[in-house]
2 protein chains.
Amino acid sequence: MSKRTEKTIVDIAEELQLSVSTVSRALNDHPNISARTKERVKKVAKKIGYRPNALAAGLRNNKSKTIGLIVPRISMFFPATISTIIQNKLQEFGYNLIICQSNDSYEQEVALANTLYSARVDGLVVSTTLYTTDFAHFDIFRNNNIPLVFFDRVPKDYNVKVIKGDDYRGGYVATTHLVEKGCKDIVHISGPLTCCLYSDRVAGYKAALQEHGLPSKKNRIFYQELTRENAWQTCEKIFGQQPYPDGIFASNDTTAITIIEYCRKMHLRVPEDVKIVGYSNDPRTEIVTPSISSVDQYPAMMGERVVAVLMELINGRQSAEPRYSQEIIPIQLIERQSSAGKSKTGKKKLTLS
Amino acid sequence: MSKRTEKTIVDIAEELQLSVSTVSRALNDHPNISARTKERVKKVAKKIGYRPNALAAGLRNNKSKTIGLIVPRISMFFPATISTIIQNKLQEFGYNLIICQSNDSYEQEVALANTLYSARVDGLVVSTTLYTTDFAHFDIFRNNNIPLVFFDRVPKDYNVKVIKGDDYRGGYVATTHLVEKGCKDIVHISGPLTCCLYSDRVAGYKAALQEHGLPSKKNRIFYQELTRENAWQTCEKIFGQQPYPDGIFASNDTTAITIIEYCRKMHLRVPEDVKIVGYSNDPRTEIVTPSISSVDQYPAMMGERVVAVLMELINGRQSAEPRYSQEIIPIQLIERQSSAGKSKTGKKKLTLS
DNA sequence: TAATTTAATGCAAACGTTTGCAATAATCCA
DNA sequence: TGGATTATTGCAAACGTTTGCATTAAATTA
């Protein structure tokens, strides 16, 4: 109700006839403050409802105990899961997290990087826009030795810590699986190649085809932002003319789900006529009919590694020298109905890496 | 690379032989600084890579240009969507958002409220835990006139701005719809009554039954945290003994989806044997087979209203006096296959409020 | 040209902490 | 009991801004 209620450390000092420095140390459990004083200080602190001003402390200490996170969007399964993990994990270390969404816009990403720097975050975690190829907006962080960790959608040729999934292997495993289930003509729907993630998966896809003596034709790969609308259009292209493919490897699950819906509408049987594998193991793959095989990326593990690396950087255990270092998180193919069928190998689960 | 690079306003002042106050005003486009000076200042600011220190400014101004948001979890459709809207909308006003998750834990919610206060956020937006019935941890905000807005899961009897969906009507509309489709024995699976949201929906459910001359029996309402596991168990209870219900109104979509899965496994036909309506219009309701009727809550509208109210409070246009004020966002039933069937009324869409 | 108004800039305090160093109080040992 | 050591506490500066007020420079007027 009252207008001027902000209690500060000096209010405590006055009430107890102590100096502010003593109060400050008492609150921070500094070793050479007597137990009695600490107790008294903490008691009145509680009594008058004192709350530390993190801005003041941050200014003085030159650290905010805050980490910034930039992701394309939190409405997508994978970044959402990772964000949650990161936030909860970070909490254990006494840091809190500013989650920001770039909405896959390069301009927004730049703006966010700047405001997060202004907020003097103690570290920055980023999964970039689909279209980020210039990383100069992160230079301020590098130049000032502020820990910088990228995950999932990571830069190429930018000296920085990187944690990513095993996308090459993911593409390889998914494609091999389809081949082993009998597919001879496999379409791949990929994201834009500006994002290294997708180029790795494409490479894996091509390698698997080659290894099994199947041709990889240019017109069997589609590059597009992996939205529902684009997926539908691409389906119309794919099934607009013969021959139909007998397998589709989609680089995300939204696309895979849309393919299922398209096939249902067009009376194409999945998996009998065409087999489908998606990517990310979004929980939605389990509730559609037929359920969709998908490549799991272990988001929990990735989130935990992000925090671990970040903490090492902050605590100076790792060289703060901005040097490229890449950590690969394994993947695992989860087989479901959408790719069921006669198997050459008879293996039930294809786990790798 | 260099160790000490943090450029400040005094670096600019020195370079231009100006006072820091002039530089500060120049950067903030203060009216009585000459255009020439502003230009010169901004030029070297850019040249030396100056970035304002938001901590220092915040300390001095007693405002951080930052808003706090506490939601149960961002992996759920509804809070995720609203968080996105709020963040993007807030950006337009020059505020940034600290998104925090309570994980539906009361203790975490308390801790988060405290750290956000310490961070001196200029406003706080909250959707509470399922179990929050004591709101004392928000008192600091109220007492210091820091704008406080609750949405969706809101407190009862706590003087504060509240924006919520029309849950009573939602319960009423969903139930009425099932009745009109011919259901005579409708089970309701509700969340815990500690959350006013659910009690409102239950009230709507009961009112609809009564209005159509149907009895509302105690043992046809289940109260539980609306998880997948609980939903499955409850299904086993419901269909563990005769008579089976012919309609189920579930208070969230995860539950509705699980019911569908259960029915499929048990060879119960939806909607022929039992009709189902969920809540929130999660996009997943559209991809399962059969697709699920659900109550849409207009998350975008709610998010926008939250920001609008918050901005009014911050700009002092609304009375900062912490007085209860409730705003109701309409709902709309989206009919899908899970509740299809003969309709008494023949109406195609039941839109209300 | 001098007096007056207006425009532009500078001084210094303040925001709430933390911390190196100095100072005081308490304890120990001979 | 006095001198030395150790345990507590206090002083004051610093972190990077912003802003009320004072000051100076420029423009206007008589």
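Within every chain, numbering begins at 1; the chains are lettered A, B, ... in the order of the sequence lines, protein sequences first and strands thereafter. The structure displayed is predicted, hence computed values, not measured ones.
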Measure [atom1]/[X] against [atom2]/[N] and give the value in whole Å, please.
X: B:Leu59; N: C:dA13; atom1: CG; atom2: C1'; value: 13 Å
X: B:Lys63; N: C:dA14; atom1: NZ; atom2: P; value: 21 Å
X: A:Asp11; N: C:dG16; atom1: CG; atom2: P; value: 9 Å
X: A:Asn62; N: C:dT19; atom1: CG; atom2: C1'; value: 14 Å
X: B:Leu55; N: C:dA14; atom1: CG; atom2: C1'; value: 17 Å
X: B:Ile9; N: C:dG10; atom1: CD1; atom2: C1'; value: 14 Å
X: A:Asn53; N: D:dT17; atom1: CG; atom2: P; value: 17 Å
X: B:Ile12; N: D:dT17; atom1: CD1; atom2: C1'; value: 12 Å

Cation-pi check, A:Arg142 onto A:Tyr158 ring (under 6.0 Å, within 45° of axis): yes

Could you check whether any side-chain N or O of B:Lys38 sits under 3.5 Å from a backbone N or O of B:His30, counting only pairs where one atom can act as donor and the other as acceptor?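 Answer holds: yes.
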
Given the rule in the side chain to side chain contact (heavy atoms under 4.5 Å, CB included) test, do A:Ile146 and A:Leu124 qualify, once you have shown the distances and angles that lead to the verdict? CA-CA 8 Å; A:Ile146 297 171; A:Leu124 183 65; 5.6 Å; no

Using salt bridge (charged side-chain N to carboxylate O under 4.0 Å, His left out) as the criterion, list what pairs up with A:Arg153, not counting sequence neighbours.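 A:Arg153 satisfies salt bridge (charged side-chain N to carboxylate O under 4.0 Å, His left out) with A:Asp104 only.
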
Salt bridge (charged side-chain N to carboxylate O under 4.0 Å, His left out) partners of A:Lys164, counting only residues at least two apart: A:Asp167, A:Asp200

Please determine whether the number of non-hydrogen atoms from other residues, nucleotides or ligands lying under 6.0 Å from atom NZ of A:Lys63 exceeds 12.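 No, because the 6.0 Å sphere around NZ of A:Lys63 holds 12 heavy atoms or fewer from other groups.
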
Are the charged groups of B:Glu92 and B:Lys89 less than 4.0 angstrom apart, N to O? yes

Of the nucleotides D:dT18, D:dT17, D:dA14, which has the atom closest to the A:Arg60 side chain? D:dA14

When all nucleic acid strands are considered with a 4.0 Å heavy-atom cut-off, which category describes A:Leu18: base, sugar-phosphate, or nothing?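 Sugar-phosphate: the residue A:Leu18, judged by heavy atoms under 4.0 Å, touches backbone atoms but no base.
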
Closer than 4.0 Å, any side-chain N/O of B:Ser24 to the OP1 or OP2 of D:dT18?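 For D:dT18, OP1/OP2 do have a side-chain N/O of B:Ser24 under 4.0 Å.
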
Does C:dG16 have OP1 or OP2 under 4.0 Å away from a side-chain N or O of A:Thr8?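 No, no such contact exists.
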
Near DNA chain C, which residues from residues 25-37 of chain A have a heavy atom under 4.0 Å away? A:Arg25, A:Asn28

Parallel, tilted or perpendicular: which one describes the rings of A:His137 and A:Phe135, with boundaries at 30° and 60°? parallel

Can you name the side chain to side chain donor-acceptor pair (under 3.5 Å) partners of B:Ser118, sequence neighbours left out?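 Checked B:Ser118 against side chain to side chain donor-acceptor pair (under 3.5 Å); zero matches.
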
If we count only N and O atoms by modelled type, under 3.5 Å, do the side chains of A:Thr84 and B:Gln101 hold a donor and an acceptor together?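 Yes, because at least one side-chain N or O of A:Thr84 sits under 3.5 Å from a partner of the opposite role on B:Gln101.
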
Sugar-phosphate atoms are those with a prime plus P, OP1 and OP2; base atoms are the rest. Using that split, label each nucleotide of nucleotides 22-27 of chain D B, S or - for protein heavy atoms under 4.0 Å, 5' to 3'. ------

5' precedence on DNA chain C between A:Thr22 and B:Lys38 (nearest-nucleotide basis):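 Between the two, 5'-proximity favours B:Lys38.
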
Pairing stems for DNA chain C [at least three consecutive pairs; Watson-Crick or G-U; under 3.5 angstrom]: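 Expected stems, ordered by start: C:1-30 with D:1-30.
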
List the steps, then state whether salt bridge (charged side-chain N to carboxylate O under 4.0 Å, His left out) holds for A:Arg120 with B:Glu6. CA-CA 11 Å; A:Arg120 293 302 188 267; B:Glu6 294 267 292; 3.3 Å; yes

